[in-house]
Chemist: 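My questions will all concern the structure given below.
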Amino acid sequence: MPSGFPPFWEGMDRPKVWYQLADEVLQKGSTVLLLGAPDTGKTTLCHFLVEEALKRGLRTAYIDADVGQSVIGPPTTLGMALLEGPQEELSGLEADRLYFIGATSPARHLLPVVVGLRKLLDEAWCRGAEFAIVDTTGLVAGEVGLALKFYKVEALRPKHLIALEGGSEVEHILRPLWGREDLKVHVLLPSPKVVRRDQRRRQDYRLERFRFYFRGASLKEVNLQERALISPASPLRQGGDDLRGRLIGLIDGDGFAVGLGIIEDLHGERASIWTPLEELQGVRFLQVGSLVFSRGQGCL
Ligand SMILES: Nc1ncnc2c1ncn2[C@@H]1O[C@H](COP(=O)(O)OP(=O)(O)OP(=O)(O)O)[C@@H](O)[C@H]1O
Ligand SMILES: [Mg+2]
């Protein structure tokens with residue numbers, strides 16, 4: 001995707017404290033969780049640490065928990081890429097595993113996000129990762145931010161939590177974590193070079209990522225007796241919802257997403273869906289997401 005980022009770090013701020021942080025957190029077997037409000041430089045710092053880990057020869061699992069401004073895989077999914085050796089580009093990486101959330105914000109999907117991240121992390125260790133880093137969304141405010149981040153720490157049990165904050169945006173999350181024996185908290189100031197993105201730019205980025213993902217998509221017919229339509233997070237209504245235009249996750253037998261689709265039509269036991277997947281062999285379930293694409297968008 002976004003390519004040609006001429007030498008990635010050109011003009012970027014990499015303060016000395018980042019190198020000291022890298023020396024401390026880049027250990028075999030450890031998980032690092034990044035935390036911070038929107039536009040605090042989480043993803044940039046994450047990329048720095050991934051690069052440093054790879055330079056040190058660590059087989060690194062880069063897990064992207066940002067379902068809106070996703071870097072690995074399409075929006076609405078959590079993505080995990082297992083990396084080895086130097087990488088030219090860390091944005092738009094191909095995912096080794098995807099977990100379907102079905103929405104571009106985690107706010108109403110806390111349980112799937114926390115469970116999905118744990119599954120991706122387990123998968124990373126099973127596949128031989130030596131180090132794992134998890135980048136997160138900027139949802140830190142209020143009770144929802146606290147619940148989401150607190151339970152991410154509970155589920156992922158990171159050795160290091162790196163919080164980027166300019167004021168006291170994440171204090172309510174850090175307070176119940178200070179003093180934890182299994183966790184070291186590092187608080188850093190955001191770089192003065194961070195560039196803010198407004199809602200419009202965020203939406204444009206998401207749409208661009210969806211368009212990229214669905215490029216070349218074609219209509220496929222699915223027999224719903226062979227592949228069940230599921231909606232575990234919000235049961236479908238008895239009378240039947242109008243699911244046309246709805247985003248769906250194409251889920252395999254392990255509960256991971258093989259890819260995404262958009263429902264074009266549902267008639268009886270048959271669904272026609274847009275998907276870039278050439279064949280649906282490994283797909284066992286069609287999981288209904290909450291995002292709806294308008295009819296006018298065709299397949300985007
Ligand atoms: N250390 C830095 N030096 C130069 N530019 C930076 C630095 N950190 C961040 N930026 C710039 O600021 C912008 C936002 O940074 P980044 O995407 O890392 O923030 P984020 O906290 O991950 O944002 P989001 O909340 O959307 O996930 C990007 O354009 C990035 O290039
Ligand atoms: Mg980010």
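Start at 1 and go down the list; that is how both ligands and their atoms are numbered. All values reported here derive from a predicted model rather than from experimental measurement.
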Chemist: Ignoring hydrogens, just give me the one of R201, K193, R196 whose non-hydrogen atom is nearest atom 6 (C) of ligand 1.
Modeler: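 Shortest heavy-atom distance from atom 6 (C) of ligand 1: K193.
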Chemist: Are F293 and F210 an aromatic pair, judged by ring center distance below 6.0 Å?
Modeler: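 Yes, the ring of F210 comes within the 6.0 Å limit of the ring of F293, centre to centre.
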Chemist: Which residue from D39, T44, D64 reaches closest to atom 9 (C) of ligand 1 through any of its heavy atoms?
Modeler: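 Ranked by closest heavy atom to atom 9 (C) of ligand 1, first place is T44.
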Chemist: Between E264 and R244, does at least one N-O distance fall below 4.0 Å, as a salt bridge requires?
Modeler: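 So E264 does not pair with R244 through a salt bridge.
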Chemist: Within the distance-only criterion (no hydrogens, no angle test), does the side chain of S191 pair as donor or acceptor with the backbone N or O of K193 below 3.5 angstrom?
Modeler: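 Such a contact is found between S191 side chain and K193 backbone.
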Chemist: Quick test of your reading of the structure: of R14, K42, R197, H47, whose heavy atom lies closest to atom 21 (O) of ligand 1?
Modeler: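 When every heavy atom of R14, K42, R197, H47 is considered, K42 comes closest to atom 21 (O) of ligand 1.
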Chemist: Any non-hydrogen atom of W18 lying under 4.0 Å from ligand 1?
Modeler: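 Right, W18 reaches ligand 1.
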Chemist: Closer than 2.8 Å to the Mg ion (ligand 2), do we get an N, O or S atom from T43, backbone or side chain?
Modeler: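 Yes - counting backbone and side chain alike, T43 has an N, O or S atom under 2.8 Å.
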Chemist: For atom 27 (O) of ligand 1, which of D66, L34, T40 has the closest heavy atom?
Modeler: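 Among D66, L34, T40, the closest heavy atom to atom 27 (O) of ligand 1 belongs to D66.
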Chemist: Below 4.0 angstrom from a heavy atom of P38, which ligand 1 atoms are there? Numbered from 1 as shown, please.
Modeler: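 Those qualifying, in numeric order: 25 (O).
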Chemist: Is R202 in contact with ligand 1, taking contact as a heavy-atom separation below 4.0 Å?
Modeler: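 Under 4.0 Å: yes for R202.
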Chemist: Just by distance, do the side chain of H172 and the backbone of V140 share a donor-acceptor pair under 3.5 Å?
Modeler: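 The answer is yes, because a donor-acceptor pair under 3.5 Å joins these two groups.
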Chemist: Among V195, V140, D135, D13, which residue places a heavy atom closest to atom 12 (O) of ligand 1?
Modeler: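 Heavy atom nearest to atom 12 (O) of ligand 1 belongs to V195.
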Chemist: Please answer whether the main-chain N or O of G167 pairs with a side-chain N or O of E169 as donor and acceptor at a distance below 3.5 Å.
Modeler: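 Here the side-chain-to-backbone pair exists.
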Chemist: Any Lys/Arg nitrogen of R202 or D39 sitting under 4.0 Å from an Asp/Glu carboxylate oxygen of the other?
Modeler: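 Yes, this pair counts.
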Chemist: For ligand 1, find out whether one of its N or O atoms is nearer than 3.5 Å to an N or O atom of G41.
Modeler: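 Yes, G41 has an N/O under 3.5 Å of an N/O on ligand 1.
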Chemist: When the ring planes of W18 and F48 are compared, do they come out parallel, tilted or perpendicular, using 30° and 60° as the limits?
Modeler: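 Because their plane-to-plane angle lies in the 30° to 60° range, the rings of W18 and F48 count as tilted.
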